[in-house]
There are 2 protein chains.
Amino acid sequence: MSNHLSQKFEEIVGTGNVLASEVDRHNYAYDAAVLPPQLPALAVRPETPEALGRVVKTCNELGLPLTVRGSGTNLSGGTIPSEGGVVVLTGALNKIIEINEADMYAVVQTGVVTAKFAAEVAKRGLFYPPDPGSQAVSTMGGNVAENAGGLRGLKYGVTKDYVMGMSFYDVDGELVKTGSRTVKCVTGMNLHGLMVGSEGTLGVFNEIILKLVPPPKASKAMMAIFDDLGKASETVAAIIAAKIVPATLEYMDDFTIKTVEDFAHAGLPTDAKALLLIEVDGHPAQVEDEAAEVEAICKRIGATRIQVAKDAVERNKVWEARRAALSALARVRPTTVLEDATVPRSKIPAMVGALEKIAEKYKLTIGTFGHAGDGNLHPTILTDKRDHAEFTRVEAAIDEIFDVALSLGGTLSGEHGIGMAKSKYMVKEVGQGSIMYAKRLKAAMDPKNILNPGKITGA
Amino acid sequence: MSNHLSQKFEEIVGTGNVLASEVDRHNYAYDAAVLPPQLPALAVRPETPEALGRVVKTCNELGLPLTVRGSGTNLSGGTIPSEGGVVVLTGALNKIIEINEADMYAVVQTGVVTAKFAAEVAKRGLFYPPDPGSQAVSTMGGNVAENAGGLRGLKYGVTKDYVMGMSFYDVDGELVKTGSRTVKCVTGMNLHGLMVGSEGTLGVFNEIILKLVPPPKASKAMMAIFDDLGKASETVAAIIAAKIVPATLEYMDDFTIKTVEDFAHAGLPTDAKALLLIEVDGHPAQVEDEAAEVEAICKRIGATRIQVAKDAVERNKVWEARRAALSALARVRPTTVLEDATVPRSKIPAMVGALEKIAEKYKLTIGTFGHAGDGNLHPTILTDKRDHAEFTRVEAAIDEIFDVALSLGGTLSGEHGIGMAKSKYMVKEVGQGSIMYAKRLKAAMDPKNILNPGKITGA
């Protein structure tokens, strides 16, 4: 059976591009979420758009579940395949097709790595702002499928805000075009809007058209150090309330600071209770004004120290340390549960306070860091899922984190997606009407339920 | 029959809120598009969200086509009802539910008038940028349904970029919630993304959550005058190529200038061949720098005169004149056909050149103005649809305008929507795969095809 299946896909993608050994199947059975692996029948690696379309069509004909996988950095199980299904690898679909400087857009295949794309754009004097934590390995297709955020979301928005259009294969392998290379386009339904964040459940992306912007002329980065969690989180709310929109406004608590410093040796203040990493950018005069205002607010609310990065090297060292937060925390205990419940920005102090209480109540180690300026914190529970008693407490704590976020007017997921991990919680936030609408839509666009089944709306 | 129907809806919305007289029915039979009117059976005016939901449910039960109407300013026939259908008026659903200054968002009902909303937001020290030409009367629901653009699209984006979430009634009258009050949210499918620009075909909007931003600290407006269309359009491309993103970059040709000046008496230079209205905004120092750069570019390419607005009064006078362009042109001949084919910005000179040739070839009067910085021109054909020979030439000219836009990598509609006017052209741009996908989606979400039937994907 499996051999027959391999042959069928080899006819489409070529012999070397069907991966069906035991090792291969295990390699693609999981992603970065804390969820049990599920063994696919095989993985295929199409090298052309045509082959990709034929793979989709074939999966549908055979009723085989299909999960597209970029780099598998998904934190909500969005790239965990179905048992016995097909994993479609986008690694060979990695061409930057066009970077148009005059009209400030780019066209990419889905397997292009985010950071590589951003670097190519920068070489042409333009800027692609979304910078998810996993950008060094994550792919553009994955970013769009999950509507990835990042450190610059506050000022520059998230992936959604840069998708001008795309083409994708519907479940029958027909190519669907949506959107345009123009900044304004209302021709047809906003299907590219629907595709963003659809987690592979409604179509398989082919090419993506992305908006680019002029880069900021100047920037200034600083680290504000606090001896109190509350003061740090109040500072976040105060900066936003002053109508300053920094490019980056990141938060790290004491546990995260120590763990990251131990891992990255970036010179973080290990005696601090919390720190904020703040970057303002734009016109040089604006940067000076805003940096001064931000410093004044930090001081007023009680920062014990403010350290302005003296150059890009110093800035990058600290920012890379921040990017390493998850990796650093993940070393502490066998299991790392990274959440991304998000609240309106003014509710950050309330959320930080609640997280402290939850850690205490359930006797858990929670390191919290994240995009505080977006209200998007990443409470990270360090645990061991083999310890059933503790993991039961972890699950209770997660429930409570979601309840608090929702009670503060927030959302279950700011940027990691629903995937398999959170679909059971969705009804609490959006209600049954919304889930039924999405299920009806999914059933219509994918009658055999082969496109990444079980994600977002559940089974 | 009609009386029975009136009674049925009176039970839901109250006696005074069912409008079924001959005059009423004629009032709501058309919109701002040049298309034949279609007489609805009646119009209803729900005063509460609950009544709105019941109206939707009832229409579906009875298989009655339902068209939501804000102010009927639609330019593509999106608010022309079906013969014998129900028009749902949103005039009584006009509450601004919340303007949250700390978290920079607002929640509105759909009948809120755009300019009124923007003014309320401004009073709180915040900014809602989208400013479609019809903002003085257009409603927020209509803006979202059509993904309305405006004069500030270039820097600030269009309506789509401000919709954080919404609730809407599905065809069964069930309330669907999507998105959030947080700036980041990936909980569930991006149904609000799908709703933007859906022209009332997939659900009936209830409340809309809108992103707000801090207002720019300063701005500078100027008018650059040219004795040559080509030079004006080249200047547009050159400003963008210099990576300056003005808030506004509007174009007007000689015919439009004269007609507008005759109507609005704003002091426009009636001897000019073309003019650009340019506004830069942001930090005061940035504004000074960018204004100087823009002036230098205008001069380099050959502006004969540049007039900087000395104050807000002078600026507003000229901007209001620009906003009056359509009204002014509409006085010239009995029929005004306003197009909004859009091209990548660098192709503006090619598009302007093509429009000149098309006007000559088909012996038509075409006044062209629009959002040149977005590549979004509004070639406006002044004609008389009762003159069949001329109107045949108009239709041929429109075909050719669309062909040119598409051949330049552009789109049929930048901001006016597809409605009934352009659905037949869609296949040229997006192909059959895309239309079939949209039709399947529509059929699933609206099995009886009662939600604004015939729009976008046609009958």
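Only this structure's heavy atoms are used, side chains among them; waters, hydrogens and symmetry mates stay out. Note that the structure is a prediction, hence the values are computed from the model and not measured.
A donor-acceptor pair is defined here as one N or O able to donate and one able to accept, closer than 3.5 Å; such a pair exists between the side chain of B/D103 and the backbone of A/S346.
With a threshold of 4.5 angstrom between heavy atoms, A/I418 approaches chain B through its backbone and through its side chain. Using a 4.5 Å cut-off between heavy atoms, A/T201 touches chain B through its side chain atoms alone. In this structure, the portion of B/V343 lying under 4.5 Å from any heavy atom of chain A is its backbone and not its side chain. In this structure, the portions of A/N147 lying under 4.5 Å from any heavy atom of chain B include both its backbone and its side chain. For chain B, the nearby part of A/H371 is the side chain; its heavy atoms alone come within less than 4.5 Å. Within the 4.5 angstrom heavy-atom criterion, only side-chain atoms of B/D172, from C-beta onward, approach chain A. For B/K422, no part sits under 4.5 Å from any heavy atom of chain A, backbone or side chain. With a 4.5 Å cut-off on non-hydrogen atoms, B/I435 does not touch chain A at all. With a threshold of 4.5 angstrom between heavy atoms, A/L202 approaches chain B through its backbone and through its side chain.
The residue among B/L191, B/L175, B/D161, B/I244 with the most heavy atom pairs within less than 4.5 Å of chain A is B/L191. Between chain A and the residues B/Q432, B/H416, B/M426, the most heavy-atom pairs under 4.5 angstrom are made by B/M426. Of all the listed residues (B/E101, B/K160, B/E146, B/K177), the one sharing the greatest number of non-hydrogen pairs under 4.5 Å with chain A is B/K177. Interface summary for chain A: among B/G417, B/G197, B/A237, the most heavy-atom pairs under 4.5 angstrom belong to B/G417. Options B/A285, B/S76, B/A443 differ in how many heavy-atom pairs under 4.5 Å they form with chain A, and the most are formed by B/A285. The candidate with the highest count of non-hydrogen atom pairs below 4.5 Å against chain B, out of A/G433, A/G193, A/S434, is A/S434. Annotation: maximal heavy-atom pairing with chain B below 4.5 Å, among A/Y105, A/F168, A/Y425, occurs at A/F168. Your options are B/P284, B/G375, B/P215, B/G188, and the one with the most heavy-atom pairs under 4.5 Å with chain A is B/G188. Of the residues considered (A/G179, A/G149, A/A241, A/S180), A/S180 shows the highest number of contacts with chain B, using heavy-atom pairs under 4.5 Å.
When side chains are defined from C-beta on, A/M436 does not count as touching B/E174, because their heavy atoms never get closer than 4.5 Å. Side-chain contact between A/V158 and B/V186 is absent, with no heavy-atom pair separated by less than 4.5 Å. Side chains of A/T342 and B/V183 form no contact here, defined as non-hydrogen atoms less than 4.5 Å apart. Considering only heavy atoms from C-beta on, A/I456 comes within 4.5 Å of B/M189 through its side chain. B/R345 has its side chain within reach of A/M104: a pair of non-hydrogen atoms, C-beta onward, lies under 4.5 Å apart. Side-chain contact between B/N100 and A/P344: absent, with no pair of heavy atoms (C-beta onward) separated by less than 4.5 Å. Using a 4.5 Å heavy-atom cutoff, the side chains of B/C185 and A/E429 are in contact. Between A/N190 and B/S198, every side-chain heavy-atom pair lies at or beyond the 4.5 Å cut-off.
Atom NZ of A/K57 has 12 or fewer neighbouring heavy atoms from other residues, nucleotides or ligands inside a 6.0 Å radius.
Considering every non-hydrogen atom in both A/P214 and B/V245, the closest pair reads CG-CG2, 3.6 Å. Of all heavy-atom pairs spanning A/Y437 and B/M445, the tightest one is O-CE, 3.3 Å.
Note: A/T182 OG1 to B/K347 NZ = 11.5 Å, rounded to the nearest 0.5 Å.
Using a 3.5 Å distance cut-off with no hydrogens or angles, the side chains of A/T187 and B/T411 do pair a donor with an acceptor.
The aromatic rings of B/H283 and A/H283 lie parallel to each other, their planes meeting at an angle below 30°, with 60° marking the opposite boundary.
Sorted by first and then second residue, the salt bridge (charged side-chain N to carboxylate O under 4.0 Å, His left out) pairs with a member in residues 179-192 of chain B read A/D374-B/K184, A/E415-B/K184, B/E98-B/R181; sequence neighbours excluded.
Between A/K217 and B/D289 there is no salt bridge, since none of the side-chain N atoms of the basic residue sits less than 4.0 Å from a carboxylate O of the acidic one.
By the ring-ring contact (aromatic ring centres under 6.0 Å, His included) test, B/Y162 is found to be paired with B/Y128, residues two or more places apart in sequence or in another chain being considered.
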